[in-house]
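Beneath this line is the structure, given in structure tokens, with notes to follow.
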2 protein chains.
Amino acid sequence: MLDDRKTAILSAVVQEYITTALPVGSTHIADAPGVHVSPATVRNEMAVLEQEGYLVQPHTSAGRVPTDKGYRFFVDHLVVPGVLDLATRVRVGEFFGSAHGRLEEMLYRTSDFLAQLTNYAAVVVGPPAEAAVVRSVQLVGLSATVATVVVVLGNGSVESETIELTPGVSAAHLANAGAHLAGHLVGSTLGAAGELMPSGDAVVDALCRQVLDSVRTRSSDEHLYIGGTSQMAASFDAVEIVRDVLRTLEQQFIVVSLIGDIVQRGMSVAIGGEHGVELLASCSLVVAPVVVDGERRGTVGVLGPTRMNYPQAMATVEVVSDQLGRRLEES
Amino acid sequence: MLDDRKTAILSAVVQEYITTALPVGSTHIADAPGVHVSPATVRNEMAVLEQEGYLVQPHTSAGRVPTDKGYRFFVDHLVVPGVLDLATRVRVGEFFGSAHGRLEEMLYRTSDFLAQLTNYAAVVVGPPAEAAVVRSVQLVGLSATVATVVVVLGNGSVESETIELTPGVSAAHLANAGAHLAGHLVGSTLGAAGELMPSGDAVVDALCRQVLDSVRTRSSDEHLYIGGTSQMAASFDAVEIVRDVLRTLEQQFIVVSLIGDIVQRGMSVAIGGEHGVELLASCSLVVAPVVVDGERRGTVGVLGPTRMNYPQAMATVEVVSDQLGRRLEES
DNA sequence: GTTGGCACTCCAGGCTACCGAGCGCCAACG
DNA sequence: CGTTGGCGCTCGGTAGCCTGGAGTGCCAAC
């Protein structure tokens with residue numbers, strides 16, 4: 001595809017641009033490791049790289065800047081799986097060692113932590129509730145027309161939902177339905193639980209179905225935790241981009257489906273326009289699935305400018321997702 | 001304090017600056033309502049207003065810009081409690097009419113809604129858990145060493161906390177403690193519940209105390225919901241300010257205590273430096289308590305630039321807090 | 001006290017010039 | 001034939017200069 005020298009040059013351009021954010025000229029690259037030729041030669045090669053779409057010039061006679069395709073080649077072929085520096089590994093270890101408390105809180109703090117490590121915004125998609133074992137189901141009446149259903153899951157998360165009661169449902173109905181549901185669900189997962197047994201009371205059965213529907217709907221949408229928006233703001237200098245990114249992050253379902261899409265396609269990095277979300281065109285996303293007991297349970301990732309530090313981001317995301325998975329395995 | 005004409009001039013300057021964001025010159029307000037004098041006279045008056053600290057010039061021979069003190073006078077003496085336009089009132093009505101579901105979700109959606117109405121960032125501080133009536137307490141063991149306590153409150157919110165069990169606590173202990181706590185707490189508020197009765201079992205009593213402590217600690221900190229950070233980003237044009245504001249918002253406890261402080265002092269508007277939070281020096285905060293059954297239960301507010309549209313923001317915050325209070329009364 | 005007039009100040013925007021970084025091309029070299 | 005040094009060219013960025021306009025402060029006159 002690209003010969004060794006072009007590869008070395010592309011790599012040097014990407015790395016230089018990542019650190020300086022300035023278009024990279026031939027002389028800056030001439031004696032980079034793996035290159036060591038005259039600037040003139042570098043220019044010739046760069047012209048080719050530009051024709052092939054790996055680099056662009058902001059204007060004639062300026063230095064070169066990597067394109068999305070250039071970054072793509074870089075992450076696919078040139079990022080060595082490098083080990084994270086010791087200090088960071090220690091910090092990660094300490095963080096997860098002392099992490100405790102409710103699942104939701106831990107996930108939020110993880111996103112914040114990841115943002116601090118990378119200096120980009122970080123996202124954590126929580127484990128879907130439907131995959132966790134139900135430990136308890138409870139139906140609590142709040143008024144004549146409103147009740148709350150509370151489901152406690154084995155991974156430490158608690159899902160609750162408010163439901164409107166149809167008139168004629170009494171406290172006894174609620175209690176029966178609660179017991180019936182508990183018998184049906186406790187010990188299995190929300191996703192796997194089969195059809196509900198009839199209880200012998202039509203009102204109770206209808207109520208159970210209503211509760212189950214409402215819980216199922218909710219439990220299928222994944223929770224999103226976003227940290228480090230301020231670091232994101234710091235890595236762009238155009239306020240319009242910051243606004244666009246924030247606007248996108250506010251619509252959590254976009255982000256969740258975007259991340260789901262990336263992971264589904266087996267990718268770990270989405271660069272610039274690749275993901276197809278207009279407002280995030282100047283961003284890249286580095287993600288890694290969180291694996292618990294051999295299955296994917298959520299995702300962690302960082303969101304930064306396309307000129308983000310991919311090696312560092314990838315390594316950090318990798319370590320954090322791994323540790324988070326282990327942490328979740330314990331419970 | 002200020003004679004009528006100075007007052008009218010100050011008011012005109014503030015309003016003009018709010019809409020244009022440009023320093024205001026004497027000719028622009030010479031024939032504003034309540035002024036109607038020549039530019040020269042306006043200039044004389046403006047010079048006095050500047051000496052007294054209500055206005056500043058960005059540089060010699062530029063127009064005037066209000067100071068924090070100028071805004072303060074404006075909101076204290078010149079904002080007529082004006083009624084919100086009909087369209088907005090209708091929107092608010094529709095919003096709360098269709099609001100349902102979990103308390104947390106509704107509060108989040110409220111903050112988002114308020115942000116859209118005002119075009120500033122919006123904050124909602126949830127009702128403190130300790131003031132709500134406990135409807136159910138449940139203790140669920142997750143493993144030999146971890147349990148979750150779930151408290152369902154009368155206002156529809158659900159508080160949960162994970163606790164570490166001391167070795168030797170059995171499932172039976174958990175069940176006993178759960179029942180004991182339920183008997184103690186259900187029907188009263190977390191804040192008001194008195195001393196725990198001894199149950200006759202030392203292990204159970206210790207466990208109950210542990211749970212109660214942990215729930216009490218958590219229930220005293222108020223939950224914060226922030227919406228419309230993107231609108232905030234749009235109203236500043238310096239990316240550093242956006243970053244600073246985001247950084248502050250990320251540390252929720254700062255915002256919560258700031259808002260609590262403002263409300264406590266009986267204020268509804270904090271302008272620029274008044275609140276003492278360095279990073280928010282170029283922001284103003286308009287807040288209103290949410291009153292449920294005659295008592296303060298949370299707060300709503302908006303956070304915008306010091307040159308925000310105070311009349312509109314104040315009216316909107318007022319209406320939303322009022323409607324939210326009514327909505328919460330229903331449950 | 002209010003007003004028109006006048007001189008002054010300062011910013012914003014446009015214009016020019018210039019410098020430097022960078023490129024492409026080409027001829028020469030090994 | 002790939003590599004290299006050289007040369008001319010092209011831009012962007014910065015600095016300097018000018019000018020127009022908006023605005024002020026002051027003063028004298030009403």
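Numbered from 1 within each chain, the chains take letters A, B, ... in sequence-line order.
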Legend entry - Polar side-chain contact B/Ser61-C/dT9 base: donor and acceptor under 3.5 Å: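 Donor-acceptor pair under 3.5 Å: yes.
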Kindly say if [X] contacts the phosphate of [N], meaning a side-chain N or O under 4.0 Å from OP1 or OP2.
| X | N | value |
| --- | --- | --- |
| A/Arg43 | D/dC7 | no |
| A/Arg5 | D/dG2 | no |
| A/Ser26 | C/dC23 | yes |
| B/Thr41 | C/dT3 | yes |

So does [Y] get a backbone contact from the side chain of [X], meaning a donor-acceptor N/O pair under 3.5 Å?
| X | Y | result |
| --- | --- | --- |
| B/Ser268 | B/Val287 | no |
| B/Thr67 | B/Gly53 | yes |
| B/Tyr120 | B/Asn309 | yes |

Side chain of [X] only, heavy atoms from C-beta on: which candidate in [options] is closest?
| X | options | result |
| --- | --- | --- |
| A/Thr27 | D/dG23, C/dG22, D/dG25 | C/dG22 |
| B/Thr60 | D/dT24, C/dT9, D/dT4 | C/dT9 |
| A/Ser38 | C/dG4, D/dT4, D/dG25 | D/dT4 |

Inset, instruction - Quick one: sort the A/Tyr54 and A/Phe73 rings into parallel, tilted or perpendicular, breaks at 30° and 60°. - result: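 Perpendicular.
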Inset, instruction - Just call it for B/His28: base, sugar-phosphate, or nothing, with non-hydrogen atoms closer than 4.0 Å on any strand. - result: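 Here B/His28 touches the backbone only, sparing every base.
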Inset, instruction - Using a heavy-atom cut-off of under 4.0 Å over every strand shown, decide if A/Ala62 touches base, sugar-phosphate, or nothing. - result: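 Sugar-phosphate only.
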Legend entry - 5'-most by nearest nucleotide on DNA chain C - A/Ala40 or A/Gly25: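 Looking at the nearest nucleotide for each, A/Gly25 comes out on the 5' side.
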